[in-house]
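Since the structure comes first, as structure tokens, the remarks are kept for the end.
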Amino acid sequence: MANAKVAIIAANGSLFDAYKVFNVATAAAASDEEVGIFFTFEGLNLIHKEGHKNLPLPDGKEHFQEGFEQANVPSIEELVGIAQEMGIKLIACQMTMDVMNLEKDAFIEGIEVGGAASFIDYAKDANITLTF
């Protein structure tokens with residue numbers, strides 16, 4: 001079977017959202033799939049230089065922090081690095097950056113900036129499309 005192409009939209013910015021996005025993305029990349037993630041609105045926090053280091057847990061779910069540590073789950077900072085090493089395409093939404101008055105240098109190194117059309121162009125032949 002030919003390799004699949006996976007397109008992910010990351011529109012939410014909690015710690016749970018980050019784990020969903022990066023766990024699925026890295027699992028797909030580990031299976032030799034081509035993976036691209038489009039970060040928009042609160043999802044931009046997942047690749048923000050400082051924001052991705054301190055993502056909030058959903059209210060009432062604070063007890064999960066201990067579970068993450070006990071299970072030796074990598075931090076989001078580590079998962080972002082792993083994703084980049086695996087060649088996962090990280091695309092920040094230009095419109096959202098403009099609305100929030102954010103520049104590319106507010107984000108981690110190695111991202112691309114593009115509009116929705118850039119993501120559509122990437123995702124048009126994707127085999128799997130997911131939104132978190």
Side-chain angles (χ1 to χ4, degrees):
M1 183 181 134
N3 291 351
K5 186 174 187 183
V6 180
I8 299 172
I9 297 174
N12 294 293
S14 81
L15 186 64
F16 282 11
D17 299 306
Y19 277 119
K20 292 175 207 172
V21 167
F22 288 111
N23 283 339
V24 170
T26 56
S31 301
D32 290 327
E33 314 300 358
E34 181 183 346
V35 183
I37 309 170
F38 184 68
F39 298 88
T40 188
F41 294 99
E42 287 87 3
L44 283 175
N45 289 333
L46 308 188
I47 54 170
H48 188 275
K49 271 184 185 167
E50 295 305 318
H52 77 289
K53 298 175 186 174
N54 297 298
L55 296 170
L57 279 161
D59 287 339
K61 303 292 185 187
E62 294 78 11
H63 61 282
F64 276 90
Q65 188 61 52
E66 191 177 325
F68 283 129
E69 289 163 12
Q70 288 177 345
N72 291 319
V73 174
S75 69
I76 297 307
E77 198 171 3
E78 291 171 298
L79 283 174
V80 168
I82 291 166
Q84 289 183 302
E85 287 170 19
M86 297 177 95
I88 293 172
K89 183 186 290 265
L90 307 177
I91 308 166
C93 176
Q94 180 70 64
M95 182 204 73
T96 306
M97 288 171 60
D98 292 347
V99 167
M100 297 174 133
N101 200 24
L102 293 167
E103 299 292 330
K104 186 175 181 182
D105 63 10
F107 298 93
I108 59 172
E109 294 289 321
I111 66 159
E112 297 176 27
V113 176
S118 299
F119 179 71
I120 296 301
D121 188 54
Y122 175 81
K124 69 182 176 220
D125 59 350
N127 308 83
I128 301 168
T129 307
L130 303 164
T131 303
F132 294 105

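Atom set for the values below is all heavy atoms of this structure, side chains included, hydrogens, waters and symmetry mates excluded.
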**Message:** Is the shortest side-chain heavy-atom distance between Val73 and Leu79 below 4.5 Å?
**Reply:** no
**Nearest atoms (heavy-atom pairs only) where Phe38 meets Cys93** = CZ-CB, 3.6 Å
**Prompt:** When rounded to the nearest 0.5 angstrom, what distance separates CD1 in Ile111 from CD1 in Ile47?
**Reply:** 4.5 Å
**Request:** Drop me the distance from Leu130's CG to Ile37's CD1, to the nearest 0.5 angstrom.
**Result:** 10.5 Å
**Asked** Can you check whether Met95 reaches Asp98 side chain to side chain, under 4.5 Å on heavy atoms?
**Response** no
**Request:** Only one of Phe107, Phe39, Tyr19, Phe132 passes side-chain contact (heavy atoms from CB on, under 4.5 Å) with Leu46; say which it is.
**Result:** Phe39
**Message:** Donor-acceptor pair, distance only, cut-off 3.5 Å: does the side chain of Gln84 make one with the backbone of Leu90?
**Reply:** no
**Message:** With a 6.0 Å cut-off (strictly less than), is the heavy-atom count around CG of Asn101, excluding the residue itself, greater than 12?
**Reply:** no
**Request:** Of all the heavy-atom pairs spanning Ala92 and Leu44, show the shortest one and how long it is.
**Result:** CB-CD2, 3.7 Å
**Item:** In one Ile/Leu/Val/Met/Phe/Trp/Tyr side-chain cluster, 4.5 Å: Ile82, Leu15
**Value:** yes
**Complete:** All heavy atoms of Ala29 vs all of Val35, minimum pair found to be N-CG2, 3.8 Å
**Message:** Using every non-hydrogen atom in the two residues, find where Met97 and Glu103 come nearest and quote the distance to one decimal.
**Reply:** CE-C, 3.7 Å
**Message:** Counting C-beta onward and ignoring hydrogens, is there a side-chain heavy-atom pair between Met86 and Thr26 closer than 4.5 Å?
**Reply:** yes
**Minimal non-hydrogen separation, Glu33 against Asn3, with atom names** = OE1-C, 3.5 Å
**Message:** Working to the nearest 0.5 angstrom, can you tell me the gap between Ile9 CD1 and Thr129 OG1?
**Reply:** 7.5 Å
**Request:** Could you tell me which non-hydrogen atom of Pro56 sits nearest to which non-hydrogen atom of Gly13, and how far apart they are?
**Result:** CD-O, 3.7 Å
**Request:** Can you establish whether the number of heavy atoms outside Glu62 located under 6.0 Å from its atom CD is more than 12?
**Result:** yes
**Prompt:** Is Lys5 positioned over the aromatic face of Tyr122, cation under 6.0 angstrom from the ring centre and no more than 45 degrees off axis?
**Reply:** yes
**Prompt:** Within a radius of less than 6.0 Å around CZ of Phe41, do more than 12 heavy atoms belonging to other residues, nucleotides or ligands occur?
**Reply:** no
**Message:** How long is the straight-line distance from CD1 of Ile91 back to CG of Asp121, given to the nearest 0.5 Å?
**Reply:** 9.0 Å
**From Leu102 atom CG to Gln94 atom CD, the distance as rounded to the nearest 0.5 Å** = 10.5 Å
**Asked** Between Lys49 and Asp105, is there a donor-acceptor pair closer than 3.5 Å when you use the side chain of the first and the backbone of the second?
**Response** yes
**Request:** Determine, using the 4.5 Å side-chain heavy-atom cutoff (strictly less than), whether Val80 and Leu57 are members of one ILVMFWY cluster.
**Result:** yes
**Message:** Let me confirm one number: the CG-NE2 distance from Asn54 to His48, rounded to the nearest 0.5 Å.
**Reply:** 11.5 Å
